Amino acid sequence: MRDAYHEELDSIGDGLVEMGRLVGSAIGRATTAILDADLKLAEEVIEGDEKVDELQHDLEARAITLLARQQPVATDLRIVVTSLRMSADLERSGDLAQHVAKLARLRYPSRAVPRDLHATILEMGQLAQRLMAKAAEVIITKDVELALQLEQDDDEMDLLHRTLFQHLMDDRWKHGIETAVDVTLLGRYYERYADHAVAVAKRVVYLVTGEHADELQTDLPAVSRGEATGTAEAAEES
């Protein structure tokens with residue numbers, strides 16, 4: 001009985017990793033769709049979100065069954081409750097990738113992103129995918145230090161988000177209001193996606209330590225802290 005119970009706990013973790021893999025792939029493919037005006041790929045991303053939703057519903061059902069039948073306590077209870085919250089973050093990440101794909105579909109056959117912003121959007125998409133891959137790794141390894149690093153990694157997304165707004169506020173902007181709205185939405189989608197990846201990592205910190213990530217002192221190498229601080233200062237100066 002106990003072996004089956006722990007196998008079920010493990011399977012919930014496996015489901016989270018699978019969700020992370022799917023939404024990571026989705027944001028990468030959605031980025032390609034929005035930049036290349038690829039309608040077929042956009043449709044695949046939109047339809048593929050159903051699989052993420054199904055995984056979340058299945059995970060929720062199994063977690064609720066465990067709560068009802070096993071009445072877990074202490075660490076096991078923390079695993080179940082935290083897993084439910086992580087699944088919500090991952091499901092929302094999938095929705096955000098779908099939003100990017102829907103915008104590509106809405107503007108087809110035109111491109112939603114002007115050429116002069118392609119590099120920035122591409123970088124945001126690649127960074128979002130890396131952040132989610134790292135979040136999935138954190139779920140597998142339960143590596144607290146790696147989890148805490150994600151918040152610093154997210155600073156790069158915030159910088160890219162600001163870069164978009166600098167373009168929008170530039171007097172030389174010549175792409176019109178509709179495109180400005182599209183770019184504003186895209187920036188928000190990627191920024192929120194990154195926030196959900198960070199939230200997943202923070203929940204793993206709580207799962208492992210019983211403390212919230214914000215309450216912990218980050219024990220990161222001095223070099224890493226210096227690089228992060230230097231990057232932020234450079235951004236402010238620019």
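Since the model is a prediction, treat every value here as computed from it, not as a measurement.
With hydrophobic clusters built from ILVMFWY side chains whose heavy atoms lie under 4.5 angstrom apart, Leu168 shares a cluster with Ile34. The same ILVMFWY cluster, assembled from side-chain heavy atoms under 4.5 Å apart, contains both Val81 and Leu90. Both Val183 and Leu122 are members of a single hydrophobic cluster when ILVMFWY side chains are connected at heavy-atom separations under 4.5 Å.
Taking CG from Asp155 and NE2 from His161, the interatomic distance works out to 14.0 Å, rounded to the nearest 0.5 Å. The structure places OG1 of Thr31 at 7.5 Å from CD of Gln129, a figure rounded to the nearest 0.5 Å. The line from CD of Glu8 to CD of Gln70 is 9.5 Å long, rounded to the nearest 0.5 Å. Interatomic distance, CG of Leu103 versus CG of Leu185, reported as 7.0 Å (0.5 Å rounding). Rounded to the nearest 0.5 angstrom, Glu60 CD and Thr65 OG1 are separated by 11.5 Å. Rounding to the nearest 0.5 angstrom, the gap separating the CZ atom in Arg192 from the CG atom in Asp95 is 12.0 Å.
Ring planes of Tyr206 and His212: parallel class, angle under 30° (limits at 30 and 60°).
With a 6.0 Å radius and a threshold of 12 heavy atoms from other residues, nucleotides or ligands, Arg85 has its CZ atom at or below the threshold. Around the CD atom of Glu211, the shell of radius 6.0 Å holds more than 12 heavy atoms that belong to other residues, nucleotides or ligands.
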Inset, instruction - List the steps, then state whether side-chain contact (heavy atoms from CB on, under 4.5 Å) holds for Met86 with Leu207. - result: CA-CA 11 Å; Met86 284 193 284; Leu207 188 156; 4.3 Å; yes
Inset, instruction - In sequence, state the C-alpha distance, the side-chain angles, and the governing distance for Tyr190 and Leu127, and then conclude on side-chain contact (heavy atoms from CB on, under 4.5 Å). - result: CA-CA 9 Å; Tyr190 286 113; Leu127 177 58; over 6 Å; no
Legend entry - side-chain contact (heavy atoms from CB on, under 4.5 Å) evaluation trace for Asp214 with Lys202: CA-CA 8 Å; Asp214 294 339; Lys202 284 184 173 183; 3.3 Å; yes
Inset, instruction - Please step through side-chain contact (heavy atoms from CB on, under 4.5 Å) for the pair Met132 and Ile27, ending with a clear verdict. - result: CA-CA 9 Å; Met132 190 55 71; Ile27 197 66; 5.9 Å; no
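Nearest heavy atom pair, residue Arg111 against residue Ala37, reads CG-CB, 3.9 Å. What you find for Asp154 and Ala194 is that their closest heavy atoms are OD1-CB, 3.2 Å. When every heavy atom of Ala112 is checked against every heavy atom of Thr179, the shortest pair comes out as O-CG2, 3.8 Å. Nearest heavy-atom pair, Ala97 versus Ala30, reported as atom, atom and distance to 0.1 Å: O-CB, 3.4 Å. Smallest separation of non-hydrogen atoms from Ala101 and Ile46: CB-CG1, 3.8 Å. In plain terms, the two heavy atoms of Lys51 and Leu22 that are nearest each other are CG-CD1, 3.6 Å.
Looking at Ile177 and Val181, their side chains come closer than 4.5 Å, going by heavy atoms from C-beta outward. In this structure, Ser83 and Leu9 have side chains that are not in contact, with every pair of non-hydrogen atoms separated by 4.5 Å or more. In this structure, Val45 and Asp49 have side chains that are not in contact, with every pair of non-hydrogen atoms separated by 4.5 Å or more. No side-chain heavy atom of Lys102 sits less than 4.5 Å from a side-chain heavy atom of Leu106. Met124 places a side-chain heavy atom less than 4.5 Å from the side chain of Leu164. Between Asp153 and Arg130 the shortest side-chain heavy-atom distance does not fall below 4.5 Å. The shortest side-chain heavy-atom distance between Val17 and Asp14 does not fall under the 4.5 Å cut-off. Side-chain atoms of Phe165 and Thr184, non-hydrogen and from C-beta on, do get closer than 4.5 Å to each other.
Under 4.0 Å is where a charged nitrogen must lie from a carboxylate oxygen, and between Arg21 and Glu18 at least one such pair does. Note on Glu191 versus Arg188: salt bridge recorded, some NZ/NE/NH1/NH2 to OD/OE distance being below 4.0 Å. By the 4.0 Å N-to-carboxylate-O rule, Asp89 lies too far from Arg92 to be salt-bridged with it.
Using a distance-only test at 3.5 Å, with no hydrogens or angles considered, no donor-acceptor pair links the side chain of Glu91 to the main chain of Asp53.
Considering Thr82, Leu84, Ile139, Leu55 in turn, Ile139 is the only one that fulfils the side chain to side chain contact (heavy atoms under 4.5 Å, CB included) rule with Leu16. Of the residues listed (Val100, Leu96, Leu131), the one engaging Tyr193 in a side chain to side chain contact (heavy atoms under 4.5 Å, CB included) is Leu96, and it is the only one. Checking each of Leu67, Val80, Ile12 against Arg62 for a side chain to side chain contact (heavy atoms under 4.5 Å, CB included) leaves exactly one that passes, namely Ile12.
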